[in-house]
Amino acid sequence: MSQERITPPHYNDLRAVHQAAEELLVRGRDDPAHPFRKPVMATVGADGAPRARIIILRDVMFGERIVRLHTDARSSKISEIQDNPDVILDFYDPEQEVQLQLSGRSSIHRDDGFADNAWAQASAPSRRAYLASGHPGAASSVPTSGLPADVEGIIPPEKRLLEGRGNFAAIQIIYHQIDWLFLSPNGNRRARFVFEEGGWQATWLVP
Ligand SMILES: Cc1cc2nc3c(=O)[nH]c(=O)nc-3n(C[C@H](O)[C@H](O)[C@H](O)COP(=O)(O)O)c2cc1C
């Protein structure tokens, strides 16, 4: 294990930790193979119990503290967010042994510029998923992809893909807290950044 990995330059530097956290989020956004591409999003269910699932990180904008995700407007997470917009995104990089948790408030976008921009950026294979005839999690008497037969195994033309647009939703999260945890044989580190009064307030925590 390299010394750089055990005690990185930000090991004892809160400001540098914040920067390192943002760099990991950029890698997740820009590199489909990076583990930060696939965080777990936790919501609160209507019964008050937690719900969690993996979801692809589509964009992150640090100035506005915005994260963008894509989903099926018929999925359970939509009504959960409508009932309670508080969510956590949990990221883990096994190579750097870093866990990052973003806490924020989410909103659903289906018919506005945010949603249109998200749809425009979605790949054709991703858009095809919104043609599924049943809602995610619907029971089926047979094994199924949920896709109609005419699009099964192929990427249909744009005109056909557009028929799924009504099932598409973009989730916007405005995050207000970043919890960073780093595991090291030299001693773990944990830090929290809370956005208050227009700026990030940082503190170390016992890991
Ligand atoms: C690697 C991976 C990536 C996924 N990406 C997404 C995604 O970007 N959006 C999404 O809605 N679901 C995605 N899913 C599926 C979700 O984990 C989940 O099963 C689905 O959204 C239904 O969740 P819900 O019933 O809690 O709403 C992904 C699953 C895996 C394993």
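Ligands are counted one by one from 1 in listed order, and the atoms in each one are counted from 1 as well.
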query = To which of Arg53, Glu80, Arg37, Lys77 does the heavy atom nearest atom 22 (C) of ligand 1 belong?
reply = Lys77
query = Between Tyr92 and Val40, is any pair of side-chain heavy atoms under 4.5 Å apart?
reply = no
key: Enumerated ligand 1 atoms positioned under 4.0 Å from heavy atoms of Ile56   = 3 (C), 5 (N), 6 (C), 7 (C), 8 (O)
ask   = For atom 7 (C) of ligand 1, what's the nearest protein heavy atom and its distance?
value = Ile55 CG1, 3.5 Å
Phe168 six-ring centre to Arg127 NZ/CZ under 6.0 Å and within 45° of normal = no
ask   = Quick one: does Trp180's side chain get under 4.5 Å of Arg189's, heavy atoms only?
value = yes
query = Given the protein's heavy atoms, is any one of them under 4.0 Å from atom 19 (O) of ligand 1?
reply = no
query = Which atoms of ligand 1 have any heavy atom of Thr71 under 4.0 Å away?
reply = 10 (C), 11 (O)
remark   = shortest atom 12 (N) of ligand 1-to-protein heavy-atom contact is with Ile54 O, 4.1 Å
Pair Asp116 + Arg165, salt bridge at N-O below 4.0 Å = yes
query = With atoms numbered from 1 as shown, which atoms in ligand 1 lie under 4.0 angstrom from a non-hydrogen atom of Ser75?
reply = 27 (O)
message = With rounding to the nearest 0.5 angstrom, report the CZ to CD distance, Phe195 to Glu197.
response = 10.5 Å
key: For atom 9 (N) of ligand 1, the protein heavy atom that lies nearest, with its residue and separation   = His70 O, 2.8 Å
inquiry  = Please classify the Arg58 to ligand 1 contact at 4.0 Å (heavy-atom distances, strictly less than): side chain, backbone, both or neither.
reply    = side chain
message = Tell me whether the rings of His18 and Trp200 are parallel (<30°), tilted (30 to 60°) or perpendicular (>60°).
response = tilted
Polar contact flag for Ser76 and ligand 1 (N/O pairs, less than 3.5 Å) = yes
Interatomic spacing from CG in Leu131 to CG in Leu162 - rounded to 0.5 Å = 9.5 Å
